[in-house]
Participant: 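First, the structure itself, so that you have it in front of you.
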Number of protein chains: 2
Amino acid sequence: MTSQIRIDDLDREILNTLMNDARTPYAEMAKRFNVSPATVHVRVEKMRAAEIITGTEVIINPKLLGYDVCCFIGINLNAARDYHSALRKLNELDEVVEAYYTTGAYNIFVKLMCKSIEELQYVLIDKLQAIDEVQSTETLISLQNPINRNVKP
Amino acid sequence: MTSQIRIDDLDREILNTLMNDARTPYAEMAKRFNVSPATVHVRVEKMRAAEIITGTEVIINPKLLGYDVCCFIGINLNAARDYHSALRKLNELDEVVEAYYTTGAYNIFVKLMCKSIEELQYVLIDKLQAIDEVQSTETLISLQNPINRNVKP
DNA sequence: CATGAAAATGCGAAGGG
DNA sequence: CCCTTCGCATTTTCATG
């Protein structure tokens with residue numbers, strides 16, 4: 001396992017700030033938290049080295065890119081041992097944006113985004129259910145995503 | 001609905017780059033895409049104004065912050081009309097990081113992150129199921145998250 | 001869409017508490 | 001050991017053609 005690291009309140013505040021805006025100037029955080037910009041810099045580098053921070057990304061609005069349909073799909077495999085090969089095939093579908101190995105009713109649980117209900121049908125029937133390892137699927141269509149945030153550092 | 005906007009290949013390439021690293025220097029993208037840094041700047045501002053880009057954030061490793069447990073919970077409400085009040089209460093639980101209004105078996109579907117199985121039990125019994133509007137829940141524990149990415153611009 | 005210059009920000013060495 | 005000051009390098013930003 002990756003080495004655990006000591007995170008103090010300053011680290012947490014910096015992290016929290018950057019989780020809301022990855023481009024917050026160090027000088028601004030420095031003023032807010034009463035330290036020097038260089039200290040902020042050092043802390044960020046520390047968390048980066050510890051891989052607590054693994055990167056940055058812009059947040060986009062999928063709807064404005066045409067992605068109107070979001071759904072979750074529970075997948076049952078023919079055999080539990082097919083997990084890895086099924087996953088490899090799922091990974092090749094751009095529409096599959098998240099996949100989870102889960103306990104309970106399904107073997108794999110995925111989040112899928114696509115541009116229309118027609119495309120969803122196509123992906124589901126001709127791509128997902130066409131995977132040999134897939135025995136059956138159950139779809140949950142999301143019409144709204146009222147909460148979307150991250151854990152509290 | 002928000003105004004749709006024309007996105008060309010350059011926009012798409014810039015977006016794609018920034019979705020992998022929100023701090024990629026404009027000069028670097030400029031060189032890669034054979035335009036000037038100022039052009040990149042203009043395109044980013046355009047997408048920001050159109051709200052295709054809504055912000056930036058650092059990507060963190062939840063495990064290194066102690067969040068070892070991730071699960072999905074399907075929630076059934078006593079009555080469909082309780083949706084808004086239930087959501088307001090769910091929104092107050094820090095452990096609830098995502099919520100979806102869905103068709104099908106559940107009224108609300110949430111993603112939950114917490115620090116241990118003990119905490120999950122506590123949150124589930126004393127916080128989530130303590131909400132008046134909640135009639136029943138079904139939990140799906142995730143042991144692995146092998147795919148986690150965004151849509152393709 | 002490019003140029004170029006001014007302003008802001010990031011970065012790292014060296015020193016102090 | 002962690003923090004700060006300080007100067008240089010890089011990057012962003014904007015007026016102009």
Side-chain angles (χ1 to χ4, degrees), chain A residues 1-62 64-66 149-153, chain B residues 2-66 149-153:
Chain A
M1 188 55 197
T2 325
S3 65
Q4 198 79 346
I5 212 182
R6 269 187 78 73
I7 296 296
D8 66 13
D9 286 347
L10 177 58
D11 294 322
R12 239 181 295 274
E13 300 215 75
I14 291 170
L15 198 51
N16 198 40
T17 305
L18 293 177
M19 282 167 68
N20 288 314
D21 181 0
R23 307 192 68 150
T24 311
Y26 293 175
E28 192 183 315
M29 288 189 271
K31 222 186 298 174
R32 200 180 313 163
F33 307 138
N34 296 311
V35 291
S36 78
T39 298
V40 177
H41 180 234
V42 168
R43 297 306 187 95
V44 173
E45 285 307 305
K46 185 184 72 179
M47 291 192 280
R48 215 174 245 290
E51 290 179 312
I52 291 172
I53 294 174
T54 59
T56 65
E57 63 181 356
V58 292
I59 305 166
I60 58 147
N61 185 340
L64 292 184
L65 291 176
R149 60 192 173 199
N150 221 315
V151 295
K152 278 222 312 203
Chain B
T2 325
S3 65
Q4 198 79 346
I5 211 180
R6 269 187 80 72
I7 295 296
D8 67 12
D9 286 348
L10 178 57
D11 293 324
R12 239 181 295 276
E13 300 217 77
I14 292 170
L15 198 50
N16 198 39
T17 305
L18 293 178
M19 281 167 70
N20 289 314
D21 181 1
R23 307 192 69 151
T24 312
Y26 293 175
E28 192 183 315
M29 289 189 271
K31 223 186 298 175
R32 201 180 314 163
F33 306 139
N34 295 313
V35 291
S36 77
T39 299
V40 177
H41 179 234
V42 168
R43 298 307 187 95
V44 172
E45 286 305 307
K46 185 185 73 178
M47 292 192 279
R48 215 175 244 291
E51 290 180 312
I52 291 173
I53 294 175
T54 59
T56 64
E57 63 181 355
V58 292
I59 306 166
I60 58 148
N61 185 338
K63 291 216 178 185
L64 292 184
L65 291 176
R149 60 192 174 199
N150 222 314
V151 295
K152 277 222 312 201

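Each chain gets a letter, A, B and so on, in the order its sequence line appears, and its residues count up from 1.
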Participant: Strictly under 4.0 angstrom, non-hydrogen atoms only: write out the protein contact profile of nucleotides 2-17 of chain C, one letter per nucleotide from the 5' end, B, S or -.
Facilitator: BB-----SSSB-----
Participant: Please, which pairs that meet salt bridge (Lys or Arg N to Asp or Glu O under 4.0 Å) have at least one residue in residues 16-30 of chain A, sequence neighbours excluded?
Facilitator: A:Glu28-A:Arg32
Participant: How close or far is atom P of D:dT13 from atom CZ of B:Arg43, stated in whole angstroms?
Facilitator: 17 Å
Participant: When you measure from the side chain of A:Thr54 to the backbone of B:Asn61, do you find a donor-acceptor pair of N or O atoms at a distance under 3.5 Å?
Facilitator: no
Participant: Would you mind reading off the distance between A:Asp9 atom CG and D:dC3 atom P, rounded to a whole angstrom?
Facilitator: 13 Å
Participant: Which whole-number value in Å describes the distance from A:Asp8 CG to D:dC2 C1'?
Facilitator: 11 Å
Participant: Distance check needed: D:dC2 C1' versus A:Arg6 CZ, whole Å only.
Facilitator: 13 Å
Participant: For the CD atom of B:Glu57 and the CZ atom of A:Arg149, what is their distance to the nearest 0.5 Å?
Facilitator: 14.0 Å
Participant: Could you pull out every donor-acceptor pair under 3.5 Å between side chains of residues 12-19 of chain B and any protein atom, sequence neighbours left out?
Facilitator:
unit_1: B:Arg12; atom_1: NH2; unit_2: B:Ile7; atom_2: O; d: 3.1
unit_1: B:Thr17; atom_1: OG1; unit_2: B:Glu13; atom_2: O; d: 2.8

Participant: Calculate the interatomic distance between A:Asp11 atom CG and D:dC2 atom C1'; express it in whole Å.
Facilitator: 12 Å
Participant: Is any side-chain N of the basic residue among A:Asp8 and A:Arg43 closer than 4.0 Å to the acidic one's carboxylate O?
Facilitator: yes
Participant: Indicate yes or no: at least one non-hydrogen side-chain atom of B:Val58 is less than 4.5 angstrom from one of A:Val44.
Facilitator: no
